[in-house]
Amino acid sequence: MTSSSPLPRVVGATVTYGARSASCLATVDAFLAAGVREVVVVDNGSTPSSRQALVEYAREHAPRVHLHHLERNEGSALAFGIALARAVEAGADHVWVLDDDNLPAGDALAALLREERALRAAGHGLCAVAPTRAPGASPAEVAEAIRVEQAREQPREDRSFAGVELTLFARRAGERLGLRRPAAASGADLAYAPYGGLLVGADVIRRIGFPDTALVLYGDDLEYTSRIVAAGGLIRLSRDAVVVDPRGERWMPPGFEVLAMFRSTNDALLYYSVRNRIHRELHTGRRRSPARSVNAALFWALCLGCTVLTGRPGKLRVLRLAAADARAGRLGRRVEF
């Protein structure tokens with residue numbers, strides 16, 4: 001990284017769990033190679049062998065690598081909250097967050113810092129920058145990731161239900177049937193962003209706080225980062241900063257989202273993702289409105305159709321439980337999951 005101004009103090013933050021020490025330590029190596037001052041690793045209930053590998057690595061790389069251990073997997077909200085807090089406590093000007101299997105490509109950190117600096121110079125003090133997340137670093141993979149992200153049309157959460165919005169559903173159906181042209185690219189500003197690859201200033205973290213631990217996992221990152229936009233700030237998607245996100249085996253396949261819910265392989269993730277999404281929607285705009293009611297009716301109608309199509313009524317029971325808990329404000333960990 002080259003700049004005429006002093007380099008800010010960037011602290012890396014990541015969370016790992018299970019038997020993922022090998023991928024996590026590759027990510028930490030990448031953090032250090034990119035030039036971060038220190039790295040905070042939260043061990044969110046790793047297996048004994050992975051925990052030992054993490055302990056040995058942290059010892060060998062002290063004082064630049066700090067390891068925080070949790071006895072069991074407490075969910076991503078608490079673990080990433082600890083990682084962010086420890087990074088700020090370490091004196092970070094900026095915190096760079098990576099998932100434990102992310103690998104930054106090229107000068108990703110320099111590109112993120114450059115874009116964040118430009119936003120602040122333009123008067124956007126409340127901001128964050130997200131990288132382009134691609135399955136690989138080849139130009140074709142990066143270009144496709146940029147195309148997909150910029151073409152992504154998000155539902156309006158002040159009226160949607162479980163991600164379903166009638167007007168957006170109709171537009172997408174029209175595109176698939178060839179009745180209308182695809183929507184124009186949405187541009188470089190996001191309504192929210194995942195943790196992986198996000199660069200955020202310590203001052204922004206102090207202003208928006210930490211992830212909501214009641215969400216436990218899945219969607220907690222989207223609720224957290226959406227606070228930046230809700231407070232009048234910006235989240236900028238960078239084309240120049242690329243983070244390789246291998247994604248691995250998906251618990252929910254790509255494609256039509258409601259059908260994908262019924263084809264998903266993990267009921268716990270299905271429950272938390274839908275509960276937390278509905279919770280976020282109900283706290284955006286009016287809780288009850290004609291548009292919200294129409295979109296809820298459409299969602300449940302689609303669910304009934306998918307139940308018949310897939311023959312998996314158990315998924316419908318999970319979705320009903322998630323929606324009931326979201327409406328009642330019953331958050332936290334569900335013991336059956």
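If you're wondering where the values come from, they're calculated on a predicted model, not measured in any experiment. When reading the values below, keep in mind they use all heavy atoms of this one structure, side chains included, and skip hydrogens, waters and symmetry mates.
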* Whether Tyr57 and His61 hold their rings parallel, tilted or perpendicular, with breakpoints at 30° and 60° -> parallel

* To do: Start with the C-alpha distance between His94 and Leu113, add both sets of side-chain angles, then the distance that settles side chain to side chain contact (heavy atoms under 4.5 Å, CB included), and finish with yes or no.
  => CA-CA 9 Å; His94 296 80; Leu113 286 168; 4.2 Å; yes

* To do: Please answer whether the main-chain N or O of Ser264 pairs with a side-chain N or O of Lys315 as donor and acceptor at a distance below 3.5 Å.
  => yes

* To do: Give the minimum heavy-atom separation between Pro211 and Gly81, together with the two atoms involved.
  => CD-CA, 3.7 Å

* Passes side chain to side chain contact (heavy atoms under 4.5 Å, CB included), Tyr218 versus Leu270? Steps please. -> CA-CA 9 Å; Tyr218 221 91; Leu270 177 61; over 6 Å; no

* To do: Classify the angle between the aromatic ring planes of Phe169 and Phe256 as parallel (below 30°), tilted (30 to 60°) or perpendicular (above 60°).
  => tilted

* Hey, does Ile205 have a side-chain heavy atom less than 4.5 Å from the side chain of Tyr224? -> yes

* Going only through I, L, V, M, F, W and Y residues with side-chain contacts under 4.5 Å, is there a path from Leu237 to Val148? -> no

* Nearest 0.5 Å please: distance from the CG atom of Leu32 over to the CZ atom of Arg37. => 13.0 Å

* Asked: Okay, side chain of Ser289, backbone of Arg292: is any donor-acceptor separation there less than 3.5 Å?
  -> yes

* Between OG1 of Thr16 and CG of Leu25, what distance do you get to the nearest 0.5 Å? -> 8.0 Å

* **Arg334 bridged to Asp267 by N-O distance under 4.0 Å** => no

* To do: Take Arg236 and Asp189 through the salt bridge (Lys or Arg N to Asp or Glu O under 4.0 Å) test and state the conclusion after the steps.
  => CA-CA 5 Å; Arg236 178 62 46 86; Asp189 292 337; 2.5 Å; yes

* To do: Calculate, to the nearest 0.5 Å, the distance between atoms OG1 and CZ belonging to Thr47 and Arg20 respectively.
  => 11.5 Å

* Distance-only donor-acceptor check, side chains Asp220 and Tyr272, under 3.5 Å -> no

* To do: Without swapping roles, check the side chain of Glu38 against the backbone of Gly12 for a donor-acceptor pair under 3.5 Å.
  => no

* Got Trp96 and Leu109 here, is their nearest side-chain heavy-atom distance under 4.5 Å? -> yes

* **Nearest heavy-atom neighbours spanning Pro131 and Leu112** => N-CD2, 4.0 Å

* **ILVMFWY clustering at 4.5 Å (side-chain atoms), partners of Leu215** => Leu331

* Measure across Val41 and Cys24 and return the closest heavy-atom pair with its distance rounded to 0.1 Å. => CG1-SG, 4.0 Å

* Asked: Does the pair Asp99 and Thr14 meet the rule for a side chain to side chain contact (heavy atoms under 4.5 Å, CB included), with working shown?
  -> CA-CA 6 Å; Asp99 291 333; Thr14 191; 5.6 Å; no

* Exercise: do Ser138 and Glu141 side chains pair donor with acceptor under 3.5 Å -> yes

* To do: Please answer whether the main-chain N or O of Cys306 pairs with a side-chain N or O of Thr310 as donor and acceptor at a distance below 3.5 Å.
  => yes

* **Atom of Leu54, atom of Ser46 and distance for their closest heavy-atom approach** => CD1-OG, 3.8 Å

* Asked: Between Leu198 and Ile146, is there a shared hydrophobic cluster once you connect ILVMFWY residues whose side-chain heavy atoms come closer than 4.5 Å?
  -> no

* Cation-pi geometry met for Arg72 and Tyr17 (6.0 Å, 45°) -> no

* Asked: CD/Glu74 to CG/Asn44 distance, rounded to the nearest 0.5 angstrom?
  -> 7.0 Å

* Asked: Would you call Glu56 and Arg59 a salt bridge, using N to O less than 4.0 angstrom?
  -> no

* **Contacts of type salt bridge (Lys or Arg N to Asp or Glu O under 4.0 Å), residue Glu116, not counting sequence neighbours** => Arg120

* For Thr132 and Val243, what are the C-alpha separation, side-chain angles and deciding distance, and is it a side chain to side chain contact (heavy atoms under 4.5 Å, CB included)? -> CA-CA 6 Å; Thr132 296; Val243 167; over 6 Å; no

* Decide whether Leu126 and Val200 are clustered together by the hydrophobic rule: side chain heavy atoms of Ile, Leu, Val, Met, Phe, Trp, Tyr closer than 4.5 Å, transitively. => yes

* Asked: Is the shortest heavy-atom distance from the side chain of Val88 to the side chain of Arg206 under 4.5 Å?
  -> yes

* Structure fact -> Separation between CZ (Phe299) and CD (Glu165), nearest 0.5 Å, reads 14.5 Å

* To do: Determine whether Leu98 and Leu222 fall in the same hydrophobic cluster, where Ile, Leu, Val, Met, Phe, Trp and Tyr are linked whenever their side-chain heavy atoms lie under 4.5 Å apart.
  => no

* So do Val229 and Tyr192 actually touch side chain to side chain, heavy atoms under 4.5 Å? -> no

* Just how far is it from atom CG of Leu217 to atom CG of Leu269, taken to the nearest 0.5 Å? -> 6.0 Å

* Asked: Is any side-chain heavy atom of Val164 closer than 4.5 Å to a side-chain heavy atom of Pro155?
  -> no

* Asked: Would you call Ile228 and Ile208 a side-chain contact if the rule is heavy atoms closer than 4.5 Å?
  -> yes

* Are side-chain heavy atoms of Arg287 and Arg327 found at a separation under 4.5 Å? -> yes

* Is it true that Val258 and Leu168 fall in one hydrophobic cluster, defined by side-chain heavy atoms closer than 4.5 Å? -> no

* Structure fact -> Tightest non-hydrogen contact, residues Val11 and Ala87, listed as CG1-CB, 3.7 Å

* Just by modelled atom types, is the Val39 backbone N or O under 3.5 Å from a matching donor or acceptor in the Arg64 side chain? -> no

* **Passing candidate, salt bridge (Lys or Arg N to Asp or Glu O under 4.0 Å) with Asp325, options Arg277, Arg330, Arg320, Arg275** => Arg330

* Would Asp100 and Ser23 count as having a side-chain donor-acceptor pair, cut-off 3.5 Å? -> no

* Asked: Can you name the salt bridge (Lys or Arg N to Asp or Glu O under 4.0 Å) partners of Arg227, sequence neighbours left out?
  -> Glu223

* Please state whether the rings of Phe161 and Trp300 are parallel, tilted or perpendicular, taking 30° and 60° as the class boundaries. => tilted

* **Atom of Glu115, atom of Ser238 and distance for their closest heavy-atom approach** => OE2-OG, 2.5 Å

* Does a side-chain heavy-atom distance below 4.5 Å link Arg156 with Thr167? -> no

* Any sub-3.5 Å donor-acceptor pair from Thr265's side-chain atoms to Trp251's backbone N or O? -> yes

